[in-house]
Amino acid sequence: MADRDNSMSGAFELPPVPAEEPEDEWRIAMRRDRLLAALTLIAGVGLTVALPFALKAGAEFFLPTTAALVIAIALVPVLEWLERRRVPSALAALTCVLLFLIAANVALAAIIVPATEFFRRLPERIDRIQMNIAPLIDLYASFQKYLNRTVQHLAATGPVKAPPTAAVTPPSSILELAASFAPSVIVQVFFGILVVFFFLSGWTRLRRRTITSRSSFGGAMATARVIQNVVDDTSAYLGTITIINLALGLAISALLYLMGMPFPLMWGGIVALLNYVPYFGPITAAMLLALGGLMTFQDIWVALVPAFVMIGCHLVEANAITPLIVGHRLTINPIMILVSISFWSWVWGTAGTLLAVPLLIILQTVLGAAGKPDIAGFLFEHGTLTQRRPGNFANSSEERETGG
């Protein structure tokens, strides 16, 4: 009887539920990773597309803030040098800000004040410029005929009165120049100065808090390394390029002084400032020097000598001096430089052009430490944004075979 009961209970016993295969678990995990990677990629593309328009629309806030942060990062080595000599953080930050303002005011006084006077004379020097470029115009006879037909057509419609021009007195000091600015520009400059000061005064505490807040020793070391690399690369680039540009500007000023070019320090300052913009800056400086030579000298070949002097000095600086001093540590892809200049000049104009390379260095340093998403791997290989090592697939297959 007991045997019959046991056989009956065994007949109605449910079969055991088979465990889920490791292969199925791996496929589900891969499908989940691909979905998360796709959502992350879509969100990243949307943010990348929307960010430039947000930066452009909010330029009154983002531009002075970004410029102030770049300047502050470049001044961090000076701040740390002062703090190592027992100077309080607030006093060291104030010293850095004052040194920067003095250097900026000297540069503005050397460039903008004489430039305003020089280019005010441009309408008076039109005849000399036309006389200098007349031989070049004669080489293009067809173009000259087209100009003649255009002038005859305009003359047939009646005389055209030139618009009245009012004499503008150039500013004689930085205070007068600042007073002529729009109030919004003055507010932005003042806001940027405050950002630089407070960033530098709290730099040591901010860096210590950022490093010590990591949950692991490796994370703290990685964070400290990224912060130090950003400061070192940005300050090294801006400091080195500033010294090179000053030397280039002084050399060109001395050569132009020997030629008898008026305002040689102004031209040297313009060359030094424009040389911060790779590729486009030297071309613009050469064109301005050619215009200044045409306004000053009567012979066209003598008038073009300042531009040739600038081109020659820039070739020596770009191909011999800068690579020797900077070396390969701060080598950047030229395509990335062109894209960065084009992007930031579209977003913020001339100021964005000057900030393009420092921002590219900061972004490149951070991405180099954080890691770049593997977009090609997501599209063509394993379907995730994390880059896998070649041994990962073999290891995963072995684990699936062994059930590990």
Working to the nearest 0.5 angstrom, can you tell me the gap between [X] [atom1] and [Y] [atom2]?
{"X": "I243", "Y": "L248", "atom1": "CD1", "atom2": "CG", "answer": "13.5 Å"}
{"X": "L360", "Y": "Y237", "atom1": "CG", "atom2": "OH", "answer": "9.0 Å"}
{"X": "I337", "Y": "S342", "atom1": "CD1", "atom2": "OG", "answer": "13.5 Å"}
{"X": "I102", "Y": "N105", "atom1": "CD1", "atom2": "CG", "answer": "8.0 Å"}
{"X": "I311", "Y": "L289", "atom1": "CD1", "atom2": "CG", "answer": "9.0 Å"}
{"X": "I73", "Y": "L200", "atom1": "CD1", "atom2": "CG", "answer": "10.0 Å"}

[X]: side chain to side chain contact (heavy atoms under 4.5 Å, CB included) partners, not counting sequence neighbours:
{"X": "V339", "result": "I335"}
{"X": "L55", "result": "L51, F62, W344, V347, W348"}
{"X": "A68", "result": "V195, V196"}

List the steps and the verdict of side chain to side chain contact (heavy atoms under 4.5 Å, CB included) for L274 and L288. CA-CA 11 Å; L274 292 177; L288 290 176; 4.1 Å; yes
Please enumerate all residues that pass side-chain hydrogen bond (donor to acceptor under 3.5 Å, both in side chains) together with [X], with sequence neighbours excluded.
{"X": "T65", "value": "none"}
{"X": "T95", "value": "none"}
{"X": "Q228", "value": "D232"}
{"X": "S89", "value": "E83"}

I need the minimum non-hydrogen distance between [X] and [Y], along with the two atoms involved.
{"X": "L273", "Y": "L354", "answer": "O-CD2, 4.1 Å"}
{"X": "A72", "Y": "F199", "answer": "CB-CD2, 3.3 Å"}
{"X": "G249", "Y": "A272", "answer": "CA-CB, 4.4 Å"}
{"X": "A90", "Y": "S201", "answer": "CA-CB, 4.3 Å"}
{"X": "M259", "Y": "V302", "answer": "CE-O, 4.1 Å"}
{"X": "F297", "Y": "P306", "answer": "CE1-CG, 4.3 Å"}

Can you confirm whether the side chains of D233 and T365 place a donor and an acceptor under 3.5 Å from each other?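 Their side chains do contain a donor-acceptor pair, which is all the 3.5 Å distance test asks for.
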Assess the side chains of T353 and Y276: does a donor N or O sit below 3.5 Å from an acceptor N or O?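 No pair is found: no donor N or O on one side chain lies under 3.5 Å from an acceptor on the other.
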Do the non-hydrogen side-chain atoms of [X] and [Y] ever get within less than 4.5 Å of each other?
{"X": "L246", "Y": "T242", "value": "yes"}
{"X": "P64", "Y": "V189", "value": "no"}
{"X": "L255", "Y": "C313", "value": "yes"}
{"X": "L238", "Y": "I71", "value": "no"}
{"X": "P77", "Y": "V231", "value": "yes"}
{"X": "L258", "Y": "P264", "value": "no"}
{"X": "N229", "Y": "V366", "value": "no"}

Can you name the ring-ring contact (aromatic ring centres under 6.0 Å, His included) partners of F100, sequence neighbours left out?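 For F100, no residue satisfies ring-ring contact (aromatic ring centres under 6.0 Å, His included) once neighbours in sequence are set aside.
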With F53 via ring-ring contact (aromatic ring centres under 6.0 Å, His included) - residues at least two apart: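 ring-ring contact (aromatic ring centres under 6.0 Å, His included) list for F53, sorted by chain: W346.
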With a cut-off of 6.0 Å (strictly less than), are more than 12 heavy atoms of other residues, nucleotides or ligands near CZ of R86?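 No, because the 6.0 Å sphere around CZ of R86 holds 12 heavy atoms or fewer from other groups.
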Identify every side-chain donor-acceptor pair in residues 278-286 under 3.5 Å, counting partners at least two apart or on other chains, and give the distances.
residue	atom	partner	partner atom	Å
T284	OG1	F280	O	2.9

Could you go through L359 and S340, starting from their C-alpha distance and side-chain angles, then the distance that decides it, and tell me whether this counts as side chain to side chain contact (heavy atoms under 4.5 Å, CB included)? CA-CA 8 Å; L359 290 176; S340 180; 5.6 Å; no
Begin with the C-alpha distance, continue with both residues' side-chain angles, and end with the deciding distance and a verdict on side chain to side chain contact (heavy atoms under 4.5 Å, CB included) for L79 and L75. CA-CA 6 Å; L79 175 78; L75 293 175; 6.0 Å; no
Any donor-acceptor pair under 3.5 Å from T296 side chain to G293 backbone: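 Looks like no, no N/O pair under 3.5 Å.
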Taking T66 for the side chain and L63 for the main chain, is one N or O donor matched with an acceptor at less than 3.5 Å?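 Side chain of T66 to backbone of L63: no pair is present.
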Sequence neighbours excluded, every pair satisfying side chain to side chain donor-acceptor pair (under 3.5 Å) that has a member inside residues 243-258: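 Of all non-adjacent pairs touching residues 243-258, those that pass side chain to side chain donor-acceptor pair (under 3.5 Å) are N245-N275.
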Working for ring-ring contact (aromatic ring centres under 6.0 Å, His included), residues F263 and W267: CA-CA 7 Å; F263 307 110; W267 292 112; 8.7 Å; no
Just to verify, what does E60 make a salt bridge (charged side-chain N to carboxylate O under 4.0 Å, His left out) with, not counting sequence neighbours?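 Applying salt bridge (charged side-chain N to carboxylate O under 4.0 Å, His left out) to E60 gives none.
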Trace of the side chain to side chain contact (heavy atoms under 4.5 Å, CB included) decision for V76 with W81: CA-CA 9 Å; V76 164; W81 184 84; over 6 Å; no
For E80 and R207: C-alpha separation, side-chain torsions, deciding distance, then whether salt bridge (Lys or Arg N to Asp or Glu O under 4.0 Å) applies. CA-CA 12 Å; E80 294 177 343; R207 182 180 60 179; 2.8 Å; yes
